[in-house]
Protein chains: 2
Amino acid sequence: MSQLNNVTPLFRDLAKVEHDHQIACQECALYRLCLPLGLHNNDLAKLDSIIERSKSLTRGQSLFSAETPFKSVFVVRSGCFKTTVDAVDGREQVTGFYFPGEFIGMDAIYQQAYQSSAKALETSTVCELPYDKLQQFSTTIPQLQTQMLNRLSKELSGDKNLMFLLGKKTAEEKLATFLLSLSRRFQERGFSARDFQLSMSRGDIANHLGLAIETVSRLFSRFQDEGLIRIHNKALTLLDIDKLKQLCG
Amino acid sequence: MSQLNNVTPLFRDLAKVEHDHQIACQECALYRLCLPLGLHNNDLAKLDSIIERSKSLTRGQSLFSAETPFKSVFVVRSGCFKTTVDAVDGREQVTGFYFPGEFIGMDAIYQQAYQSSAKALETSTVCELPYDKLQQFSTTIPQLQTQMLNRLSKELSGDKNLMFLLGKKTAEEKLATFLLSLSRRFQERGFSARDFQLSMSRGDIANHLGLAIETVSRLFSRFQDEGLIRIHNKALTLLDIDKLKQLCG
DNA sequence: ACTTTTTATTGATCCAGGTCAATGCGCCTT
DNA sequence: AAGGCGCATTGACCTGGATCAATAAAAAGT
């Protein structure tokens, strides 16, 4: 029931939010998804020493925006974030949703200024990586540097796929693609690929996919009528993953 | 006249294509736009030694595609390229156009496999940077590493803006934004911000902006009727840059 | 110089998905 | 448990830009 009401932040147990300031990377359940992957023991200790942990945010709270002075990139530790590109006229594009182990703020490195905003979608925590220190360390720890490049490259390739989605896919294809992307990422984190809670609103989903809320709502209803999914508020079950894959185009 | 017929590859003089295998980074006119920026003399020499130059391509030729084994990232030296994300059903999204000094192929780093295709839009040359060697050197040359991260970050932030464009802008805003992006990049390279040749077809532009060819064609005509631009085949003049900026949203 | 092919323009029509409007439902507050 | 608020659903209608179709005009080939 607490699951249905979305009271329990997703992944809380995975990241052990309650004691996170005490948890070193080595002990963190996110290790295999996170930056330190492949680092040797004493390199890991070095990295550990620069990470500022236990920054905690509640639903709707901003992690940073274009007005925040750039200092750090972040790794999601628990919960979920959305990032947006904001225009002066108030329009905004949700550029991504971020789950534990995923990086936020890397598009700020070049200009040394945040180019987008990040908001928590539920009670969430992050590990903060001060960029200047990260840069210092990556000189002496080649694997860290490799990992940073890999992270950036991965996000880049994800964004190219999103450009394809926004520019070429139909509404149906967009939503199917989105649901399967969530499914894959839940699975990577040890959760069910079939059953999970949507941490974002219909509005956020619609915005991200370049659709109207109403279109997303209608598609959810249609997918449900066709037996592809079962959705009740934010609780989602993927009933026919193969069929959804076909719909992705 | 040769300019109108687009016989002369753009930027040829700038990059000195004819002798490019002899030109070291230090002597290259692209230096201030390119990777070696900020490197010390003997670091520069090291970098120089790993760069494979004078890879030359003609209009329509492929630099790489998803089938090509990953080995290198590339810097455009002269000419112009487009990159695409390709779907199995034949649909493709033009994810970007690349001018001298700009990087291609960085989204391949993470998977060590090209995620997109790159094609020359005219006679073009690239500097090839074998990734394994680049990685070796950046351990000993911190500035090189910083530069790589900056490049990736810059592309990332550009892609987020493209996501905003694709998801939220109207056809008019899309085209105005695109024209000004070209203008800015020509200017950065020492060319006129007002007069230049489009190296890409209407189809490529339309595809990139998530529009139909006909829409792009109609908008060019309308912008011309309204005195914003003058366009004849591929020769473009921006007559009212301020007004175009207003149209970007 | 002539033919073929490709690319661009322009007009007419259509439709996927947006917008507007009404209603419903969950959830918070007191 | 009643009222209020924000989010979600559903229906009716509309529209921006897609698609279809017909030329036209470059560019490429011979």
Side-chain angles (χ1 to χ4, degrees), chain A residues 1-7 58-60 82 91 93-94 121-122 165-176 178 197-225 229-236 247 249, chain B residues 1-8 58-61 82 91 93-94 119 121-123 165-176 178 197-225 229-236 247 249:
Chain A
M1 207 49 194
S2 71
Q3 204 190 9
L4 274 175
N5 295 335
N6 204 20
V7 163
T58 59
R59 183 180 151 78
K82 69 169 174 184
R91 283 183 292 184
Q93 170 72 31
V94 174
L121 294 176
E122 53 186 88
L165 177 144
L166 287 168
K168 297 288 173 296
K169 291 194 177 186
T170 64
E172 180 180 271
E173 290 170 333
K174 285 175 175 179
L175 190 63
F178 174 69
Q197 297 282 321
L198 297 172
S199 13
M200 64 294 291
S201 68
R202 304 288 191 271
D204 286 335
I205 296 171
N207 182 310
H208 181 52
L209 302 178
L211 298 172
I213 292 189
E214 294 90 331
T215 304
V216 169
S217 189
R218 275 184 256 269
L219 280 170
F220 272 140
S221 301
R222 223 192 68 204
F223 282 1
Q224 180 156 246
D225 291 348
I229 64 171
R230 208 178 61 77
I231 187 158
H232 183 253
N233 302 326
K234 305 214 152 184
L236 180 68
L247 288 186
Chain B
M1 207 52 194
S2 71
Q3 204 191 10
L4 274 174
N5 294 337
N6 202 21
V7 164
T8 305
T58 59
R59 183 181 152 78
Q61 237 188 314
K82 71 169 175 183
R91 283 184 292 185
Q93 170 73 32
V94 174
K119 273 199 168 62
L121 293 177
E122 53 187 87
T123 303
L165 178 144
L166 287 168
K168 296 290 174 294
K169 291 195 178 185
T170 64
E172 181 181 89
E173 291 171 332
K174 284 175 176 179
L175 190 62
F178 174 69
Q197 298 282 321
L198 297 172
S199 14
M200 63 294 289
S201 68
R202 304 289 190 274
D204 286 336
I205 296 172
N207 182 310
H208 181 51
L209 302 178
L211 298 171
I213 292 189
E214 294 91 331
T215 304
V216 169
S217 189
R218 275 185 256 270
L219 280 171
F220 271 140
S221 302
R222 223 192 70 205
F223 281 1
Q224 181 155 245
D225 291 346
I229 65 171
R230 209 177 64 73
I231 187 158
H232 182 254
N233 300 329
K234 305 215 153 185
L236 181 68
L247 289 185

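We name chains A, B, ... by the order of the sequence lines, and we start the count at 1 in each one.
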Discussion item. As an exercise, state the distance from CG of Leu121(B) to OG1 of Thr58(B), rounded to the nearest 0.5 Å.
Written reply: 11.5 Å

Worksheet item: Leu219(A) CG to dG18(C) C1': how many Å, rounded?
Response: 13 Å

Item to complete: Starting at atom CD of Gln224(B), determine the distance to atom C1' of dT9(C), rounded to an integer number of angstrom.
Response: 12 Å

Discussion item. In whole Å, I'd like the distance from the CD1 atom of Ile213(B) to the C1' atom of dT6(C).
Written reply: 11 Å

Item to complete: Give the rounded distance in Å between these two atoms: CD of Glu172(A) and C1' of dC15(C).
Response: 16 Å

Worksheet item: Rounded to the nearest Å, what distance is computed from the NZ atom of residue Lys169(A) to the P atom of nucleotide dG17(C)?
Response: 13 Å

Item to complete: To the nearest 0.5 angstrom, please state how far the OG atom of Ser217(A) sits from the CD1 atom of Ile205(A).
Response: 10.0 Å

Worksheet item: Given Phe220(A), which of Asp225(A), Leu175(A), Thr215(A) fulfils the side chain to side chain contact (heavy atoms under 4.5 Å, CB included) condition?
Response: Leu175(A)

Worksheet entry | NZ-CZ distance between Lys234(A) and Arg202(A), expressed to the nearest 0.5 angstrom | 7.5 Å

Worksheet item: Side-chain donor or acceptor of Arg222(A) under 3.5 Å from a matching atom on the base of dT9(D)?
Response: no

Worksheet entry | Quiz item: Arg218(A) side-chain donor-acceptor pair to dG11(D) base, under 3.5 Å | yes

Discussion item. From CG of Leu166(B) over to P of dG17(D), roughly how many Å is that when rounded to an integer?
Written reply: 13 Å

Item to complete: Can you tell me the distance, in whole Å, between the NE2 atom of His232(A) and the C1' atom of dC25(C)?
Response: 9 Å

Worksheet item: Should Ser217(A) be listed as having a side-chain N or O under 4.0 Å from OP1 or OP2 of dA8(D)?
Response: no

Item to complete: Report the residue (Glu214(A) or Ala171(A)) whose heavy-atom-nearest nucleotide on DNA chain C is the more 5′ of the two.
Response: Ala171(A)

Worksheet item: So, is Thr215(B) close to the dG16(D) phosphate, meaning a side-chain N or O under 4.0 Å from OP1 or OP2?
Response: no

Discussion item. Between Lys174(A) and His208(A) (side chain of the first, backbone of the second, donor and acceptor by atom type, cut-off under 3.5 Å), is there such a pair?
Written reply: no

Discussion item. Can you tell me which nucleotide in dT7(C), dA8(D), dG18(C) comes closest to the side chain of Ser201(A)?
Written reply: dA8(D)

Item to complete: Ignoring the backbone of Arg59(B), work out which of dT9(D), dA28(D), dA26(D) is nearest its side chain.
Response: dA28(D)

Worksheet item: Below 4.0 angstrom, N of the basic side chain to O of the carboxylate: do Arg91(B) and Glu173(A) qualify?
Response: yes

Worksheet item: What is the distance, rounded to the nearest whole Å, between atom CG of Leu198(B) and atom C1' of dT7(C)?
Response: 14 Å

Worksheet item: Hey, what do you get for CG (Leu198(B)) to CG (Asp204(B)), rounding to the nearest 0.5 Å?
Response: 11.0 Å

Worksheet item: For the helix from dA1(C)-dT30(D) to dT30(C)-dA1(D), what angle lies between the axis at the first five pairs and the axis at the last five pairs, to 10 degrees?
Response: 60°

